[in-house]
Amino acid sequence: MRKLHIIAITTAIAIGMGMMTVIAGNYGAQKVVYHVNYDNPKRQKGALRNIQNHINAVGADKLDMRIVMHGKGWTLLASATKDLDLQQKIISLKDQGVKFNLCGITISRNKLDKKDLFDLKDSDIVPSGVAEIAYLQSQGFAYLRP
Amino acid sequence: MSDRHISDEMLNAFIDEELSAEDRETIYDAMTMDASLSRRLCELRNIHDLSRMAYSHLPEPPSGRARHNPVQVRRVLRPWVMTMAATLVLGLGVLIGWTMRPETTTAPLAYNQTPLWTNTTTQLAAPANNGVTSTKEMRILFHLSSHDTSKAREALNEIENLLEHYRRKDQKVQVELVTNGTGIDLLRIKTSPFPARISAMQQKYDNLSFVVCQNSITRARQRYHATIKLLPGTVVIDSGVAQIMRRQRQGWAYIQV
């Protein structure tokens with residue numbers, strides 16, 4: 001009898017938690033801009049991890065995800081040319097629809113060579129990183145800076 | 001065994017046919033020799049029969065198991081009822097919590113933007129836009145909370161880049177740099193690494209304001225046991241984070257340096 005009792009309570013809790021996950025996990029469509037302007041590799045990798053978690057929680061098909069790099073954030077793409085693990089992460093995120101945007105002013109200020117930045121296309125370059133972030137926010141994007 | 005006094009207990013067992021054949025034999029023998037024993041047996045049998053009659057019309061227990069353990073009658077129903085009840089309560093709780101979740105408010109807040117005090121030259125605080133968002137004008141708040149010189153330099157660089165970018169595009173823009181925590185050091189006379197640059201920027205751009213958090217000033221005063229003197233033209237507001245929240249609610253973009 002006691003065993004049945006326990007099973008019953010556990011089932012109830014499980015159902016309740018299931019309901020909560022269904023309701024809480026449904027975040028709907030989201031637009032997010034992640035701001036990366038630091039050069040700490042650990043922090044950068046942490047940011048990519050956050051982004052993957054974010055995708056997992058919301059669903060790649062429901063997300064419009066942009067990463068805007070400026071300031072010292074360009075080092076993310078620079079170190080990726082030598083770091084295979086980082087390359088994998090970037091490729092994986094790009095496959096899930098994440099856009100990696102780099103600030104044009106940052107490129108010219110630091111006299112960067114596009115060849116030294118992993119998988120950077122001209123379409124990925126934005127005229128001004130902060131202007132892009134401000135613009136995206138005005139378009140309803142949430143702002144996150146891990 | 002034949003010399004043993006036959007107890008009522010034995011007789012009751014005899015009546016209930018719970019004795020072995022041998023014991024039954026003993027009692028039969030004893031009865032033939034002792035008339036009082038027969039009488040006792042008779043009385044006990046009467047009581048037995050009366051009891052049976054009195055309890056013969058009891059209502060049927062809900063389950064056969066109740067006969068062995070009557071307390072279990074109530075417990076059999078419990079698990080399933082409790083499952084449903086618990087699920088319903090949980091579901092109800094989740095639904096209530098979901099409907100009560102904070103909605104993003106679009107109503108503008110009419111906060112008074114006048115600063116508590118300003119240094120020497122009065123600079124207007126970035127005008128409190130009453131929520132009428134003009135699609136033409138961009139409004140951006142930069143947030144600096146660290147006295148790291150490279151971060152401070154970066155903040156000023158980004159602000160200038162942005163202002164130039166919008167100037168070239170002929171786009172109206174309002175920019176506010178809110179400092180709190182140790183970030184206020186950028187705007188303190190004693191500690192600012194770029195006082196001349198800030199002054200130049202203030203002169204060049206009238207759509208730019210440098211804001212300091214009063215709470216952070218108070219904390220700094222307590223920490224350094226000295227009055228905190230700010231660069232001319234800086235604006236003081238009550239709380240940095242409150243200002244950030246207010247601005248975001250008013251539709252400002254937020255960039256953390």
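Quick note: numbers below take in every heavy atom, side chains included, and nothing from hydrogens, waters or symmetry partners. The sequence lines fix the lettering, A, B, ..., with proteins before strands; numbering per chain opens at 1.
- Distance check: A/Asn37 CG to B/Glu158 CD gives 5.5 Å after rounding to the nearest 0.5 Å.
- In plain terms, the two heavy atoms of B/Gln256 and A/His35 that are nearest each other are O-CE1, 3.4 Å.
- Rounded to the nearest 0.5 angstrom, B/Thr83 OG1 and A/Ile9 CD1 are separated by 7.0 Å.
- Residues of residues 142-151 of chain B lying within less than 4.5 angstrom of chain A, judged on heavy atoms, are B/Phe142, B/Ser150 in numerical order.
- Chosen from B/Val257, B/Asn157, B/Val173, the residue pairing most often with chain A at heavy-atom distances under 4.5 Å is B/Val257.
- More than 12 heavy atoms of other shown residues, nucleotides or ligands fall within 6.0 angstrom of atom CD in B/Gln248.
- The salt bridge (Lys or Arg N to Asp or Glu O under 4.0 Å) pairs that include a residue from residues 190-203 of chain B are B/Glu160-B/Arg197, where partners are two or more places apart or lie in different chains.
- By a heavy-atom distance cut of under 4.5 Å, A/Pro127, A/Ser128, A/Val130, A/Ala131, A/Ile133, A/Ala134, A/Tyr135, A/Gln137, A/Ser138, A/Tyr143, A/Arg145 are the residues of residues 121-145 of chain A near chain B, going up by number.
- The contact between B/Ile255 and chain A is made by backbone and side chain atoms together, counting heavy-atom distances below 4.5 Å.
- Within 6.0 Å of the CZ atom in A/Arg43, the count of heavy atoms belonging to other residues, nucleotides or ligands exceeds 12.
- Residues of residues 99-111 of chain A having a heavy atom under 4.5 Å from any heavy atom of chain B, listed by number: A/Ile105, A/Arg109.
- The number of heavy atoms from other shown groups lying within 6.0 Å of NZ (A/Lys94) is above 12.
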